[in-house]
Structures are given as structure tokens and as C-alpha cells.
Amino acid sequence: MKAEEHCNESAEKTSKQTAFCKPCKRQWAKCGTDPAKNGPKSFHGGANTSEALTQSQDGCLTASLTSEPRVKDFGQLNPDEKMKMLETTRQAKVLVLTMVYRDGTTQLDPEQKLTLPVCGLLVLMKSDLSCGTPEDSLGPNDSLVYLKLEHTPAWAQQQTHPSPELFTRDMLLQVLTGSQLVVCYKAKDLLRSVLQVYRRELNWKRVAGCHIQDPQVSAWLLDPTDPSSCFQDLLNKHCRRPHTTPALGAQKVSQIISGLCWLYRLNMKLCSQLQSQGLWKLYSDMELNMIPVLAAMESHRIHVDKEALKKTSDLLGTKMKQLEKEAHQAAGQIFLVTSSTQLRTVLFEKLRLHERCENKKLPKTINKQQQSTSEAALLLLQDLHPLPKIILEYRQVHKIKSTFVDGILSCMMCKNYISSTWHQTSAVTGRISAKHPNFQALPRQPLQITKKQYVQGKEEEVVTVHPRAMFIPHEGWTFLAADFCQVELRLLAHLSSDPELLRIFTSPQADVFTMLASQWKGVREDEVTSEDREHAKRIVYSVVYGAGRERLSGILGVSTEQARLFQDSFLQTYRDVQAFIQRTIQQSHKQGYVLSIMGRRRNLPNINSPDWSIRMQAERQAVNFVVQGSAADLCKMAMIRIFNLVSSSSSLSARLIAQLHDELLYEVEDSHLEQFAALVKSTMESLQRIDHLGVHLKVPLKVAVSSGKSWGSMSELNIPLTFPSP
DNA sequence: AATGGGACGCTAGG
DNA sequence: CCTAGCGTCCC
């Protein structure tokens, strides 16, 4: 390390200033306003005014923190002391961390607004592991350091020194990637913030190796059903800690420090439970490695064609007005088209359409057992009246506009890029989920809009609207998608060892669902219609998902009797699949939980419920979990493997954009495309065997790769086989 | 007289 | 089966 790199006098001074309670006066006139009166902010975060209002509070907490005798302010140390501090950090046995936000809260506080501006990081360094000291006080050899962590405004960044502070950066790296035990509640948020603040001077690859223990993750692994909300809840559940009340100033600081001590104890408690439940490997080898992967994903900016989105929004708005008018005409009255209640009144009380189709069973709403107006219901009614078709089209357009056009626009605010938030612990099955926007739910198929034109010459114009096409790679880069083909079905074959199902996947060429349809309908493969194939696909997944006949008939558009026949004949053809389902249910009854292929666990407290429907639901959850959870395991392992390969290579640069459960989307430099595609494909397919986790699938995995200059126009990529020639 | 939270309905994805 | 998200409706 070079000393001169760190000796930045002017940066020191600015940091000194912001550390105290001054900075808002000049820039922000409304400093005295009570921040509490200014209601909750939307997730899109800070308009300038909201930052101004919280500023005063922040300065005070920072001041209280750094004036607390036990806390050393890293920014205030001279270069010599900083070097010593780096050494102390290296020597420490345990580091316990929390971010401190500008509004005076920390990661240990209950409510967390999204994209909260961060101001620093408090580190508790423990030099011995003894728990002999009282639970919430420091040991004799423990010390506390405060690290400033703030976005430098763009205007200040351009002048003279581009970096916030390189010494602090290196201290952070020491803290985050050290070999000792590091504990942080919501570690992903910390990593993302660090990557954002040091966007220019810290490559995302640097956080790849870091292994930060996170009680939110461990608690979730122990019981994914528990809505593992905040730190306090976890303490109440796993430790016995007196309830704390919100405090201010010096008292608040003591509370934070004691919070860190408790965080350490909580972590130890959860770790020992993970070990005794056989979840340690999964935690350490998979879930902890996911944290830097997700942090890097969140810190990446995905470029979006904002202008095109705005145009589309207007277009869809016009289309909706047209359809609304048509709906009113067809109904013979004005009503709120978006309201299912009002639509129900029109369809079933005014028009009495249900009386004209007594041969078909119209679906009911789940909770109140009323006539449903869902897609399945409207499809059954569409030949009786023009209204259902109009509503169906209206709903399609409305969904696209509200969620995927306006919704994404509102995630962009003043920017022309987005970054989703990825959640590791919000799905019981072990899958990850995305928010703001939900990248995993963007429509796969484009929507055709016929635009009425009142221009002489042409009558109609057809426009296609495709939200995925709005996502554009950076200049000189390309999107690459890698899709695990039929993972869940392959896993079903593996889990059941059904010989017929296995055979389908061992013969490499053919289309799986075509083969399936031919096997099950008893016709030659070239006689399988596309309808048969589609049916086969839906039956398979309804079996996996445990859907009943009712649901299947709705999806398939056939009678429940027909759906039952389809399902039965499938289970007759693949006897061992049925055996697997029964085995799984039996096992869940016996032990009260089920396990995925990598040992992920789901407790099923209702599995022995006296209530039939509740018990049945738990049984479906059991079967579904084993398949869906195992697929999640594989996909997450793929993300980790590829992430580690890229970050330990000096030549690779591809970045993960999104995970769509069985598909990974990357942004790759144009010139690296083919090489990276081959690497991704072979890495993913190699997951058939994961020795250290005891995974050895009886079926091969197949990965399809495609690429494109927008997410809406991806085309299949042919990768030469990567077998080394003998 | 608003208004914000919760229940419900629907639908995009897997 | 399990997500997120948008929309009513009612208290």
C-alpha cells in the first residue's frame, strides 16, 4: 500500500466538517422543520427537500457517535493512526457492523425506508470471543470505530480529487473481506451501499470473496415461513432481551452499541442452530455467497429507453379510453371498467350471462364464493356477448400500462436507468424475488395494439408493445440470457427416478414436451399437435404445483372431468412420479418438514391439521417445495459459480442483470460474447454434480443461451460443444 | 371530510 | 404452489 495515495488533506477537512452538526445551514433553508411531521416518503427516495429535513437529525447522531469516548472516528485519525487502525482491524477476532443512516437510524432499527441515504458505518471489533462479559457491554479488549460513508455530490467529485477517501476505502475492504468472522444484519444492503458510494474507485469484483454472517439470512433458513421482519423480532424470538424504547442523543448511541453486542450473540445462537439442524453447509456455501452476488446486481445500472416508455404510456392510454368507451356501449351503461365488483353486477345481474351457460361451470372467487370475472370466466362467456372480449383486452392493456410502463417509469425518477432490489429471504421456497421494478414478472410476449386511425388512406395500424424491449445494454455491450431448460421437470425425473421420464432426458435431441405428449397419448412424435404439446406442458406443471382438477380445467379451458382424465392418465404413465408424491407426503407427515435437494428445509406446521383443506394445502406445499426449492438451489448455485469465475478473472467483465428463476440475464462486452456464453453454459450444465453438497442428478442439465441488443429481441446462440478433444 | 390501512380480486412471471 | 404489483371497496 502506498501512503501518498491516502494522504488527502482537503478530503480530511471536508469529512471533519460533515462529521459535526453544521452542514445544512447554507444549502438547506428549512433546517428547523420537524422531520417527523413530514410524512413517509415513497420508495423512490429523496427529493432534495426530504434530505434537507433529515439532515439536522443526522448530524446530531453522527456527532453523538463520534463524541462518545468509546468510539474512534476513523476520519479524524492521522495517517499513522489510520495505519495502526488497519492493523488492529486485521488482528481482531470478530467484527460486528451496522450502517448508520442520515435520518439517525441504523440497520438494527425496525422500519427501514428503501434507498435511505447512508452516512456511516459503525464497527465493533472484538479481540476475544469470550461471552463472559454482560450481554450488552463491551469487553476490555473490544473497540469501536466509525467510518464515514457518504455520497460525494457530483459537483464536488469533479474537482481536483475524484475519490471520497481511499484510506477509508481500504479500511472498508479490510473490514468486509477480512478472514475473521464478520457479522452484519442485512449485509447485502451494506455491500450495495459501499459499491454505490465507491462506484468509481472500487470494482465490484473486490467484494466477491466476502463472507459476512447475516442473522436475517440464518433465521430465514431455520424457518423460511416466519416473516423474519426486524432485528428486534429476532432478538425476542431467539434471545431474551429486555425491551428497548426509542432514545435520542447519547442514549441512542449506547443503545446502538449494545445492539451490536446483542447482534453478535444472536448470530452465535443462530449459527449453532443451523449446525444442529444440518443447515450449516447450505448457509455457508450457498446463502452467504449469494450476498455479494445480489449486492453487485443491485449496484449495477440497467439502461432503459425512457422516451420510448413515455410514448408507449400515451399510446396505451389512448387505447384504454377507446376500449372503455366500447365496454360502456356493449354494457349499455357507464361503469368502472377496472372494478371487478361493478363488472360482476353488469355481467351477472344486468345481463344474466351465467344463466345462458349452465352446462359450463363458471369459476367462483376464492374468498367470498361469488361469480368470478377472472380471465378463465370471461373466456367462457366470450361467445355470449361482446363485453367479455372487450374487458379481456382492456385488462391486458391496463396491466401493461400500469405495472410495466408507468410502474417502471416511476422507478426511474430523474434517472434513465433502474436497479431492482433483490430479496434473498422473502420466498419460503428459497427462490429470490425482485422489487421496484419486479424484473421477474415482465411479460415474455409482446402485446399487439391495433390503433384506429382516422386518416384517409389507411384504416388501421398495428403497433407492438414490448416492455422487455425497453431494456438496452450499454454501448458496446450485449445481453446474454442462459436458460435452464425444464429444470423442474428434470428434477422431478431425478427425484422420482421414473424410468420413462428419465429416458426422455437421456435421449438428447428431441423436444421434451413433444416426447411427453407422444408417450402419454400413445401417438408417434410427428403426430403430436402443438395443442397436445401445450396440454402436456401444463399438466406437468400442474402436477408439480399440486394444482387440483378445478385449477387445471381453468388453465386448460376444458371441463373438470376432462382435466381429471388428463391428470390421471399422466400419473398412470409415470407411476414413479405418483410414488414420489406419495412418499414426499408421507415423509412430511412423519417428520413435520421436507427437504430440498441441497438440504433446504420447510416446516409444515399444518401437515397434521384436522381440517381437511388445510392439511391438503400443506401436502401440496410439501410436494411443491421439494421440486421448486431444489430448482431454486440449482439456479442460485449457478449464479454463485459464474460470479466467482468472473470476479477472479482479470479478463472477464460480464455482469449479472437479473435472475428469472431458471434464467440468468447478463450484460457482456460484445467481444467477449461467445467466450462468455460457452463459460456460462458449461458452468451451469456442470451443476449436475456438486460433490460437496452431495448432489448428483440422474439427468443431465441442459442450458440454452441467447443474446440480443435489447431484452425484447433475444435470439438463440449456438455454442460449439466444449468437450475437450481426446 | 378526507385518508390510509387491510381485505379482496385479478394477472404478470416462474 | 409462490412471488410482486396494481386496482377497488370499506372501515
Side-chain angles (χ1 to χ4, degrees), chain A residues 39-40 43 224-225 320 335-345 363-379 391-392 394-408 410-411 420-447 466-468 483-489 491-492 537-538 540-548 551-552 554-555 581 584 594 602 604 616-632 634-635 658-665:
Chain A
F43 60 77
T225 329
M320 277 169 56
F335 69 104
L336 195 50
V337 188
T338 44
S339 160
S340 43
T341 316
Q342 293 185 29
L343 177 63
R344 181 156 40 240
T345 319
K364 296 280 169 74
T365 58
I366 306 289
N367 291 313
K368 298 175 102 183
Q369 292 295 313
Q370 288 175 296
Q371 293 288 355
S372 168
T373 69
S374 65
E375 187 179 349
L378 295 182
L379 285 172
I391 299 293
L392 281 171
Y394 181 90
R395 290 223 182 120
Q396 253 187 341
V397 178
H398 180 259
K399 177 79 184 176
I400 301 286
K401 176 163 157 62
S402 64
T403 308
F404 302 114
V405 177
D406 297 346
I408 287 174
S410 79
C411 293
S420 290
T421 311
W422 296 88
H423 292 281
Q424 189 174 3
T425 61
S426 68
V428 280
T429 50
R431 270 144 77 129
I432 59 174
S433 74
K435 272 180 176 170
H436 310 147
N438 179 0
F439 226 95
Q440 297 176 318
L442 273 99
R444 188 169 266 288
Q445 293 302 128
L447 179 64
H466 198 184
R468 287 194 182 192
D483 193 321
F484 266 127
C485 304
Q486 315 96 24
V487 240
E488 292 185 344
L489 190 54
L491 280 165
L492 187 64
K537 194 170 166 179
R538 286 178 176 166
V540 165
Y541 286 111
S542 79
V543 169
V544 174
Y545 297 154
R551 203 71 126 52
L552 183 62
I555 298 166
I581 292 172
T584 306
V594 279
R602 176 167 186 177
L604 294 156
M616 291 296 282
Q617 166 157 340
E619 290 178 355
R620 289 192 297 271
Q621 288 171 332
V623 177
N624 180 69
F625 176 85
V626 178
V627 182
Q628 191 168 306
S630 301
L634 278 180
C635 297
Q659 188 248 40
L660 319 184
H661 302 124
D662 54 3
E663 177 181 341
L664 301 179
L665 183 67

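Just so it is clear: chains get the letters A, B, ... in the order the sequence lines come, proteins before strands, and each one is counted from 1. Because the structure is predicted, anything quoted here is derived from the model rather than measured.
No engagement by Ile400(A) is indicated, since no non-hydrogen atom pair under 4.0 Å with the nucleic acid exists. Here Val428(A) lies in heavy-atom contact (under 4.0 Å) with sugar-phosphate atoms only. Glu375(A) comes within contact range of the sugar-phosphate backbone alone, with a heavy-atom separation under 4.0 Å but no base atom that close.
Between the side chain of Gln628(A) and the base of dG14(B) there is at least one donor-acceptor pair of N/O atoms closer than 3.5 Å.
Here dC1(C) is the nucleotide among dT11(B), dC1(C), dC8(B) with the atom lying nearest to any side-chain atom of Gln621(A). Of the candidate nucleotides dG14(B), dT11(B), dT3(C), dG14(B) has the atom lying nearest to any side-chain atom of Arg468(A). Taking the side chain of Lys435(A) as heavy atoms from C-beta on, and the options dG14(B), dG5(C), dC8(B), the nearest nucleotide is dG5(C). Among the nucleotides dT3(C), dC10(B), dC1(C), the one closest to any side-chain atom of Arg620(A) is dC1(C).
A donor-acceptor pair under 3.5 Å is formed between the side chain of Ser372(A) and the backbone N or O of Ser374(A).
Proximity of residues 335-344 of chain A to DNA chain C (heavy atom under 4.0 angstrom from any strand atom) is restricted to Leu336(A), Thr338(A), Ser339(A), Thr341(A), Gln342(A).
Salt bridge status for Lys399(A) with Glu375(A): absent, with no side-chain N to carboxylate O gap under 4.0 Å.
Here the closest non-hydrogen pair linking Phe439(A) and Leu665(A) is CE2-CD2, 4.3 Å.
One side chain, Ser433(A) or Ser426(A), offers a donor N or O that lies under 3.5 Å from an acceptor on the other.
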